[in-house]
**Q** 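First the structure, which I've put down as structure tokens, then a few questions once you've had a look.
Only a predicted model underlies this, so the values are computations on that prediction, with no experimental measurement involved.
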Amino acid sequence: MRMIKSKIAYLQDNLRHAFKREDGTVTVESAIILPLLAGFYCAMFVWFDAYRQKTLIMKASYAVSDVFSRQNSVDNAFIDNMRDMLDYMIPSNARPRMRVSFIDYSDANPATTPFKLIWSYGPDGMTPLTQEDLDRDSSWLPMMSNRDGVVVVETAVLYQPIFRVGIRDKVHRNTFVTRPRFHLNLRNSSFPGAQSSYPDIDDYGDGDPTASAPSVTN
């Protein structure tokens with residue numbers, strides 16, 4: 001009996017001593033904390049990259065829209081090249097999608113909607129905008145003056161995060177509606193039969209869209 005008690009006391013002393021030892025706590029804490037820090041770092045990287053990509057896509061789409069607003073006439077090949085430029089400006093594994101349309105507003109248009117689709121084109125077989133689409137819903141278009149026109153540039157870019165940390169694959173869509181800067185009508189020579197509701201008008205009245213606006217004298 002005395003031998004058994006001594007062995008139990010020996011085991012208790014060894015266990016008490018083992019619980020008080022601290023030389024292995026660094027290893028245990030590292031095994032717990034390092035995976036958490038790695039996951040937190042990956043999450044921060046993905047969320048930051050997602051917002052950076054979204055902002056970059058918006059800026060690139062706006063730049064393309066601004067280019068179209070400065071043109072007097074384009075064709076489908078020009079739109080294809082602008083889509084390639086958009087692809088160059090956006091670092092993404094997925095090729096961006098783009099659709100360009102010209103819409104005018106006139107009180108003489110049908111009662112269903114005052115907006116009239118003049119032409120629409122999407123590179124790589126993207127479905128063009130149709131008049132039926134406008135008749136169904138034109139609430140996304142801004143208020144316009146009578147006999148005015150706008151260029152609509154729509155872009156869609158797929159974002160795929162590197163790590164799965166709360167963000168799934170997402171398509172960033174942007175729609176920019178811009179009034180032409182120099183002429184009220186943006187022609188597309190690939191659609192020779194597309195006619196606007198009003199004649200082509202030069203805002204400056206000098207026939208040169210690159211010229212500066214005439215000075216105003218008192």
Side-chain angles (χ1 to χ4, degrees), residues 56-92 94-106 108-110 113-138 140-142 144-158 171-213:
L56 183 62
I57 293 171
M58 184 179 300
K59 291 181 178 179
S61 302
Y62 175 79
V64 170
S65 175
D66 185 67
V67 171
F68 280 105
S69 71
R70 299 173 185 271
Q71 306 301 313
N72 181 33
S73 179
V74 297
D75 56 18
N76 290 349
F78 180 87
I79 300 177
D80 290 336
N81 292 333
M82 293 305 299
R83 195 281 312 275
D84 293 338
M85 187 180 75
L86 182 69
D87 188 20
Y88 176 78
M89 292 189 294
I90 301 175
S92 174
R95 191 167 175 82
R97 308 292 301 275
M98 185 176 73
R99 180 170 67 184
V100 183
S101 310
F102 185 75
I103 301 172
D104 74 9
Y105 179 95
S106 174
N109 287 339
T113 176
F115 298 101
K116 177 183 177 183
L117 178 68
I118 307 304
W119 57 265
S120 180
Y121 173 70
D124 286 345
M126 185 173 181
T127 304
L129 187 68
T130 64
Q131 184 63 47
E132 288 76 14
D133 296 331
L134 287 180
D135 295 340
R136 189 181 309 111
D137 180 23
S138 59
W140 53 276
L141 287 168
M144 296 167 54
S145 302
N146 187 34
R147 302 171 66 84
D148 206 351
V150 291
V151 182
V152 179
V153 177
E154 302 168 83
T155 61
V157 183
L158 174 64
V171 178
H172 292 290
R173 303 181 185 275
N174 290 283
T175 300
F176 288 92
V177 182
T178 310
R179 185 177 185 271
R181 293 176 179 268
F182 306 111
H183 290 77
L184 298 182
N185 183 15
L186 177 61
R187 299 189 188 94
N188 187 335
S189 58
S190 299
F191 297 90
Q195 298 294 330
S196 178
S197 302
Y198 44 81
D200 188 22
I201 300 174
D202 181 6
D203 284 352
Y204 295 151
D206 56 8
D208 183 7
T210 62
S212 58

**Q** Examine distances only and state if a side-chain atom of W119 and a backbone atom of V100 form a donor-acceptor pair shorter than 3.5 Å.
**A** no
**Q** Could you go through V152 and L141, starting from their C-alpha distance and side-chain angles, then the distance that decides it, and tell me whether this counts as side chain to side chain contact (heavy atoms under 4.5 Å, CB included)?
**A** CA-CA 9 Å; V152 179; L141 287 168; 4.2 Å; yes
**Q** Would you please name every residue forming a side chain to side chain contact (heavy atoms under 4.5 Å, CB included) with S73, sequence neighbours left out?
**A** R187
**Q** Could you tell me which non-hydrogen atom of W140 sits nearest to which non-hydrogen atom of V177, and how far apart they are?
**A** CZ3-CG2, 4.4 Å
**Q** Would you call the rings of F115 and Y105 parallel, tilted or perpendicular, taking 30° and 60° as the class edges?
**A** perpendicular
**Q** I need the R181 CZ to R70 CZ distance, nearest 0.5 Å.
**A** 4.0 Å
**Q** What's the spacing between N185 CG and F102 CZ if we round to 0.5 Å?
**A** 4.5 Å
**Q** Ring pair (Phe, Tyr, Trp, His ring centres under 6.0 Å): which pairs involve residues 70-92, sequence neighbours left out?
**A** F68-F78
**Q** Any heavy-atom pair between the side chains of M82 and L86 that's under 4.5 Å?
**A** no
**Q** Verify side chain to side chain contact (heavy atoms under 4.5 Å, CB included) between K116 and I103, making sure each step is shown before the conclusion.
**A** CA-CA 6 Å; K116 177 183 177 183; I103 301 172; 5.9 Å; no
**Q** Got a sec, which residues hit side chain to side chain contact (heavy atoms under 4.5 Å, CB included) with D135, two or more places apart in sequence or on another chain?
**A** T112, T113, Q131
**Q** I'd like to know if the side chain of S101 pairs up with that of S120 as donor and acceptor (distance under 3.5 Å, no hydrogens or angles considered).
**A** yes
**Q** For a 4.5 angstrom cut-off between non-hydrogen side-chain atoms, does N72 reach L186?
**A** no
**Q** Closer than 4.0 angstrom, basic N to acidic O: yes or no for D104 and R147?
**A** no
**Q** If we only count heavy atoms from C-beta on, is the V157 to R173 side-chain gap below 4.5 Å?
**A** no
**Q** Check L56 against I90 and note the closest heavy-atom contact, atom names and distance.
**A** CD2-CA, 4.5 Å
**Q** Considering non-hydrogen atoms only, spot the tightest contact between M98 and I79 and give its length.
**A** CE-O, 3.5 Å
**Q** Before you tell me yes or no, could you show the steps for Y62 and N174 under side chain to side chain contact (heavy atoms under 4.5 Å, CB included), namely the whole-Å CA-CA distance, both residues' side-chain angles and the distance that decides it to 0.1 Å?
**A** CA-CA 9 Å; Y62 175 79; N174 290 283; over 6 Å; no
**Q** How close do S61 and F176 get, counting heavy atoms only, and between which atoms?
**A** CB-CE1, 3.4 Å
**Q** Taking only residues at least two apart or on different chains, which pairs with a member in residues 117-134 satisfy salt bridge (Lys or Arg N to Asp or Glu O under 4.0 Å)?
**A** R83-D124, R95-D124, D133-R136
**Q** Among all residues two or more places apart in sequence or in another chain, which pass the side-chain hydrogen bond (donor to acceptor under 3.5 Å, both in side chains) test with E154?
**A** R99
**Q** Check whether any side-chain heavy atom of P180 lies under 4.5 Å from a side-chain heavy atom of V151, and answer yes or no.
**A** yes
**Q** With sequence neighbours excluded, tell me which residues meet side-chain hydrogen bond (donor to acceptor under 3.5 Å, both in side chains) with N146.
**A** none
**Q** Between D75 and Y121, is any pair of side-chain heavy atoms under 4.5 Å apart?
**A** no
**Q** Between T175 and V153, is any pair of side-chain heavy atoms under 4.5 Å apart?
**A** no
**Q** Just verifying a value: how many Å separate T155 OG1 and I57 CD1, rounded to the nearest 0.5 Å?
**A** 7.5 Å
